[in-house]
Undergrad: 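The structure under discussion is supplied below as structure tokens; questions concerning it will follow.
Sequence positions, counted from 1, serve as the residue numbers for this chain. As a basis for the values below, the full set of heavy atoms in this structure was taken, side chains included, without hydrogen atoms, waters or symmetry mates.
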Amino acid sequence: MRFIWTAAAVLVVLSIGSFLYAWSGIYNIAATQPHWDITRWFIETLKDRSIDVHSDDVQVPNLDEPTIKQAAFSHYHGMCRLCHGAPGVEPEEFAEGLYPEPPEMTSGHLQQEFSQARIHWIAKNGIKLTGMPAFGPTHTEEELWGLVALVEEMDDMSPEQYTQQLDQRKPDGQNGHQHTH
């Protein structure tokens, strides 16, 4: 019984201490100040485990359908490339100020580390406090899976191939993003 009272007292003290620490404003929340190593580890573990668990039941369709990729290109160029870049296209300047830094799609790192189900889940649901929005409310499943298919090819695509696809989809000199919400 003494152990339970001690554990309860420790939890109360930790809770009050955590509240006072948060209330004090001592922690620098600025995007220009990286997290402490332990904080970064905790957030990365929380993010990775959450995505793994929630994307576990995602069923990946056949992504070789040409229409799936075609539906996604204008979406990627109009929105995703702003932060993630594209072959021969650097991310926009504001993306440099995001913390954590968005992964570049041309590096191959994301394609090697994340399954298609994980990429779909992230695109559909977004990630809190990262700047990654949820596209599920504004995009169809076909469009989301098209983004996954396009991301899978992005690290092997040359700048010339990307520009060629962009030119094929531009109506009358628009920027390639051809839909509204």
Undergrad: Going hydrophobic residue to hydrophobic residue with side-chain gaps under 4.5 angstrom, can you get from Phe19 over to Ile26?
TA: no

Undergrad: Minimum heavy-atom separation for Gly146 and Ala72, please, with both atom names.
TA: C-CB, 3.1 Å

Undergrad: Taking all atoms of both residues into account, what is the closest heavy-atom pair of Ala134 and Lys124, and its distance?
TA: CB-O, 3.4 Å

Undergrad: When rounded to the nearest 0.5 angstrom, what is the spacing between OG in Ser107 and CD in Gln112?
TA: 8.0 Å

Undergrad: Let me see the working for Glu141 and His120 under side chain to side chain contact (heavy atoms under 4.5 Å, CB included), right down to the final yes or no.
TA: CA-CA 9 Å; Glu141 280 297 306; His120 175 270; 2.9 Å; yes

Undergrad: Please answer whether the main-chain N or O of Tyr21 pairs with a side-chain N or O of Ser24 as donor and acceptor at a distance below 3.5 Å.
TA: yes

Undergrad: For Arg40 versus Pro34, what's the shortest heavy-atom pair and its separation?
TA: NH1-CB, 4.2 Å

Undergrad: Work out which heavy atom in Ala31 is nearest to a heavy atom in Gly97; give both atom names and the distance.
TA: CB-O, 3.8 Å

Undergrad: Taking Ile51 as the starting point, is it possible to reach Leu46 by hopping between hydrophobic residues whose side chains are less than 4.5 Å apart?
TA: no

Undergrad: Are side-chain heavy atoms of His75 and Phe135 found at a separation under 4.5 Å?
TA: no

Undergrad: List the steps, then state whether side chain to side chain contact (heavy atoms under 4.5 Å, CB included) holds for Gln165 with Met157.
TA: CA-CA 11 Å; Gln165 286 194 40; Met157 190 181 296; 3.7 Å; yes

Undergrad: Can Arg118 and Asp56 be counted as an ion pair, charged N to O under 4.0 angstrom?
TA: no

Undergrad: So which atom in Trp145 and which in Ala117 form the shortest heavy-atom distance, rounded to 0.1 Å?
TA: CH2-CA, 4.5 Å

Undergrad: When rounded to the nearest 0.5 angstrom, what is the spacing between CZ in Phe114 and OG in Ser55?
TA: 9.5 Å

Undergrad: Mind checking whether Trp36 and Tyr27 have ring centres under 6.0 Å apart?
TA: yes

Undergrad: Check for a donor-acceptor pair, side chain of His84 on one end and backbone N or O of Cys80 on the other, with a separation under 3.5 Å.
TA: no

Undergrad: Do Glu153 and Gln161 have side chains that approach each other closer than 4.5 Å (heavy atoms only, starting at C-beta)?
TA: no

Undergrad: Measure the spacing between CG of Leu11 and CD1 of Ile16 and express it to the nearest 0.5 Å.
TA: 11.0 Å

Undergrad: Kindly indicate whether the side chain of Leu82, heavy atoms from C-beta on, has any atom under 4.5 Å from the side chain of Pro91.
TA: no

Undergrad: Does a side-chain heavy-atom distance below 4.5 Å link Ile119 with Val148?
TA: yes

Undergrad: Working to the nearest 0.5 Å, report the span between CE of Met79 and NE2 of His77.
TA: 11.5 Å

Undergrad: How about Leu20: does its CG atom have over 12 heavy atoms from other parts shown lying under 6.0 Å from it?
TA: yes

Undergrad: Answer yes or no: is there a donor N or O on one side and an acceptor on the other, between the side chain of Thr130 and the main chain of Ile127, under 3.5 Å?
TA: yes

Undergrad: Drop me the distance from Ser50's OG to Lys128's NZ, to the nearest 0.5 angstrom.
TA: 8.5 Å

Undergrad: Do Glu113 side-chain atoms and Leu110 backbone N/O form a donor-acceptor pair below 3.5 Å?
TA: no

Undergrad: Say whether Val58 and Ile122 are linked into one hydrophobic cluster, either directly or through other cluster members, by side-chain heavy-atom distances under 4.5 angstrom.
TA: yes

Undergrad: Nearest 0.5 Å please: distance from the CD atom of Glu104 over to the CE atom of Met154.
TA: 12.0 Å

Undergrad: Using the ring of each side chain (for Trp, its six-membered ring), is His35 parallel, tilted or perpendicular to Tyr99, with breaks at 30° and 60°?
TA: tilted

Undergrad: State, yes or no, whether a side-chain contact exists between His54 and Asn125 at a heavy-atom distance under 4.5 Å.
TA: no

Undergrad: Does the side chain to side chain contact (heavy atoms under 4.5 Å, CB included) test come out yes or no for Asp52 and Arg49, once each step is laid out?
TA: CA-CA 5 Å; Asp52 285 345; Arg49 289 300 305 139; 3.6 Å; yes

Undergrad: Could you pull out the closest heavy-atom pair between Ala86 and Tyr76, with the gap in Å?
TA: CB-CE2, 4.0 Å

Undergrad: Ile43, Met132: one ILVMFWY side-chain cluster at the under-4.5 Å cut-off?
TA: no

Undergrad: Say whether Val89 and Leu98 are linked into one hydrophobic cluster, either directly or through other cluster members, by side-chain heavy-atom distances under 4.5 angstrom.
TA: no

Undergrad: Tell me, yes or no, whether the heavy-atom count around Phe94 atom CZ, taken from other residues, nucleotides or ligands under 6.0 Å, exceeds 12.
TA: yes

Undergrad: Within a strict 4.5 Å, meaning less than it, do heavy atoms of the Met105 and Arg81 side chains meet?
TA: no

